[in-house]
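Below is one structure, written out as structure tokens; the observations come after it.
Sequence lines set the chain letters: A, B, ... in the order given, protein chains first and strands last, and positions in each chain run from 1. This structure is a prediction, so every number in the text was calculated from the model and none was measured.
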Amino acid sequence: MSLLGHLSQIAGQAFADLGLSSDLGETVPSQRPELAQFQVNGAMAAGKAVGRPPREIAQEVADRLSGHPDVSRVEVAGPGFINITLTDEAIARFATEAAGDQYLGFEVTARPETVVVDYAGPNVAKAMHVGHLRATIIGDSLARLFSFAGHKVIRDPHFGDWGFQMGLLIAALADEQPDLPYFDPDAGEYPTESPVTLDDLQRVYPEASARARSDDDFADAARMATVRLQQGDPGYLALWAHMKGVSEQSQRKDFGALGVNFDLWYGESDVHDRLAPLVAGLRESGVAEESHGALVIRVAEETDNREIPPLILESRSGGFLYSTTDLATVQMRVEELHADLMLYVVDRRQADHFVQIFRAARRAGIVPEDTRLEHIWFGTMNGPDGKPFKTREGGVVRLADVIDMLTVAARRRLDEAHLAEEYPDEERDQIAEMVGIAALKFGDLINNRTSDYVFDLDRFSSFEGKTGPYLQYAAVRIKSILRRASAAGFAPGSLLPPTVDTERDLMLELLRLPEVVGRAIDLRAPNHVAEFAFDLAGKFNRFYDTCHILSEPDEGRRGSWLSLSTWALSALERLLDLLGIEVPDRM
RNA sequence: GCGCCCGUAGCUCAAUUGGAUAGAGCGUCUGACUACGGAUCAGGAGGUUGCGUGUUCGAGUCGCGCCGGGCGCGCCA
């Protein structure tokens with residue numbers, strides 16, 4: 001059990017002995033490190049509950065704790081805080097246990113669940129751009145966190161390939177290049193090479209989208225094309241496959257550059273076979289009804305303080321919309337993937353959409369009672385001007401360009417610092433890329449998921465302070481020490497009770513890892529991991545500044561410090577891995 | 001108009017979900033290298049947490065009312 005878990009149990013028992021709830025014993029790191037190492041706040045809540053002075057309760061709990069052999073000091077302070085300080089021997093014992101554990105003291109879940117993480121949300125005809133960054137980075141970190149916790153994680157980007165945007169593209173191409181065989185009902189064979197490139201699609205799509213807004217005839221044509229595609233027109237399907245193919249190819253490359261991999265590469269179209277039966281069933285059961293010529297599911301509830309529009313299953317023109325595919329996807333994830341929890345990592349603007357989907361899924365009986373659906377929303381990524389991040393010309397910034405900019409910046413910074421100078425070119429390029437990606441991911445994940453934040457390339461590229469590269473550097477330096485120690489024939493030894501403040505602080509920090517990671521998972525908040533990794537690196541740097549390991553003459557002490565360094569490195573690398581950040585061997 | 005989110009140091013952001021004296025990074029000022037990688041470390045200055053008002057032992061956090069900003073509100077995704 002983790003140190004904090006252990007302390008909570010001891011304090012909880014003390015509360016229980018007084019006839020109070022053992023939950024009150026929850027122990028957390030002290031907010032006043034100069035007073036104590038840990039604190040218990042339950043006496044105040046208990047005082048309110050049973051109508052007794054909190055300090056009195058706190059004192060009774062403290063009296064019971066003071067006899068424990070691990071506790072060196074316990075005091076009651078303020079309105080009823082219970083401050084606890086451990087013996088150095090106890091710290092060393094817990095440290096030894098956590099350092100030797102492959103999960104660093106974290107307790108893997110006893111009840112593994114299947115967790116589907118739906119994130120990134122690439123679409124046909126759209127190269128990955130900065131708008132996809134947060135979803136991808138946050139989703140990937142959450143997937144890593146749940147996986148670390150022992151759950152079965154299924155990562156699915158949920159490719160947008162079956163809605164109205166496909167009709168728009170087909171209609172636009174039919175207009176622009178009517179001679180293509182896909183539009184000829186008598187054509188038997190279709191080319192194997194795509195007639196369009198991703199660049200073509202990226203030009204055509206915004207044009208078509210804009211035209212549909214002002215040109216009703218064109219919009220109708222696009223809607224008809226959507227329906228024809230969904231009904232299986234062979235020419236349309238062949239063209240669709242080409243468009244999907246070139247989009248996916250480019251997107252897989254972008255994800256690869258980010259170090260993001262998916263377990264499935266499903267799209268809206270993969271649930272196509274479910275759409276008609278699902279819709280027919282809902283119509284029959286009365287869950288769905290006609291409204292304004294469309295088929296909808298009403299999801300408004302009496303307690304709503306605003307109007308929640310109905311979910312539209314089938315448009316007036318008979319086409320299925322993304323609501324329809326989303327609902328069918330929920331069904332698929334329940335029936336085929338046996339999901340217990342579905343996390344939709346999608347930006348906040350779609351909050352209403354997910355309310356509709358989740359309610360409709362419940363109403364339609366598509367999800368079992370204990371299956372949870374969550375919209376993990378996040379804020380907007382803005383440019384330094386505080387407005388959504390755009391190029392100087394006002395266009396969207398391609399993901400590949402962002403990565404490129406950061407890699408160039410990383411490379412320049414490496415050169416300035418005369419780092420990696422003598423390494424082979426290939427390794428130096430790899431390091432620059434790793435550093436650039438770390439800057440990008442950490443710069444995003446350090447922020448609270450729900451706040452908007454400013455993406456400032458210059459700031460991220462400065463590689464100083466609270467940044468991914470700072471953490472990589474800290475880890476690389478530990479590796480360097482361990483290499484030197486090994487070369488000198490110094491072996492790690494058992495962890496001894498700390499004798500230096502910075503050493504004790506580092507151990508206590510490392511012992512917090514289980515709770516921090518657990519909290520990050522509970523709150524779906526990777527920023528807790530990012531913040532902790534930064535604090536940990538700082539604690540190590542302070543330790544390393546005060547304790548000179550390699551010149552330490554006492555063998556036992558030196559061995560203990562080497563073990564502490566090894567432990568810190570494992571923790572740092574693990575935490576960074578949970579953020580999707582890699583650490584080079586040297587830099 | 002209705003609803004959701006936000007407003008914290010000069011700037012960018014945190015804050016263990018109601019706990020003690022609101023913390024970091026950047027910037028700024030002062031220090032520390034004949035030691036393990038100075039992308040480092042030690043320290044200073046910098047705050048009426050938008051404003052007001054409640055709730056209670058305790059409020060950045062919860063309620064109410066204002067002010068300011070972002071976003072969403074039926075057949076796009």
Interatomic distance at P, B:rU8 relative to B:rU55, whole Å: 27 Å
For atom CG of A:Asp352 and atom P of B:rC76, their distance in whole Å: 17 Å
On the six-membered ring of A:Phe532, is A:Arg512 placed so that its NZ or CZ lies under 6.0 angstrom from the centre and within 45° of the ring axis? no
May I ask you to say whether A:Glu427 pairs ionically with A:Arg586, meaning some side-chain N is under 4.0 Å from a carboxylate O? yes
Shortest non-hydrogen contact from A:Arg558 to A:Leu550? CD-O, 4.5 Å
So if I take residues 470-477 of chain A and measure heavy-atom distances to RNA chain B, which residues fall below 4.0 Å? A:Tyr470, A:Tyr473, A:Val476, A:Arg477
Counting the atoms with a prime plus P, OP1 and OP2 as sugar-phosphate, which does A:Leu168 contact under 4.0 Å by heavy atoms, base, sugar-phosphate, or nothing? nothing
Within 6.0 Å of CD in A:Glu582, more than 12 heavy atoms from elsewhere: no
RNA chain B in dot-bracket form (Watson-Crick or G-U pairs under 3.5 Å, [ ] crossing, | inter-strand) is (((((((..((((.....[...)))).(((((.......))))).....(((((..]....))))))))))))....
Closer than 4.0 angstrom, basic N to acidic O: yes or no for A:Asp220 and A:Arg223? yes
So, are A:Asp304 and A:Arg359 salt-bridged, with charged N and O less than 4.0 Å apart? yes
Short side-chain to backbone donor-acceptor contact, A:Arg449 and A:Trp377, under 3.5 Å: yes
Going by modelled atom types, is there a donor-acceptor pair between the base of B:rU17 and the side chain of A:Arg519 at under 3.5 Å? yes
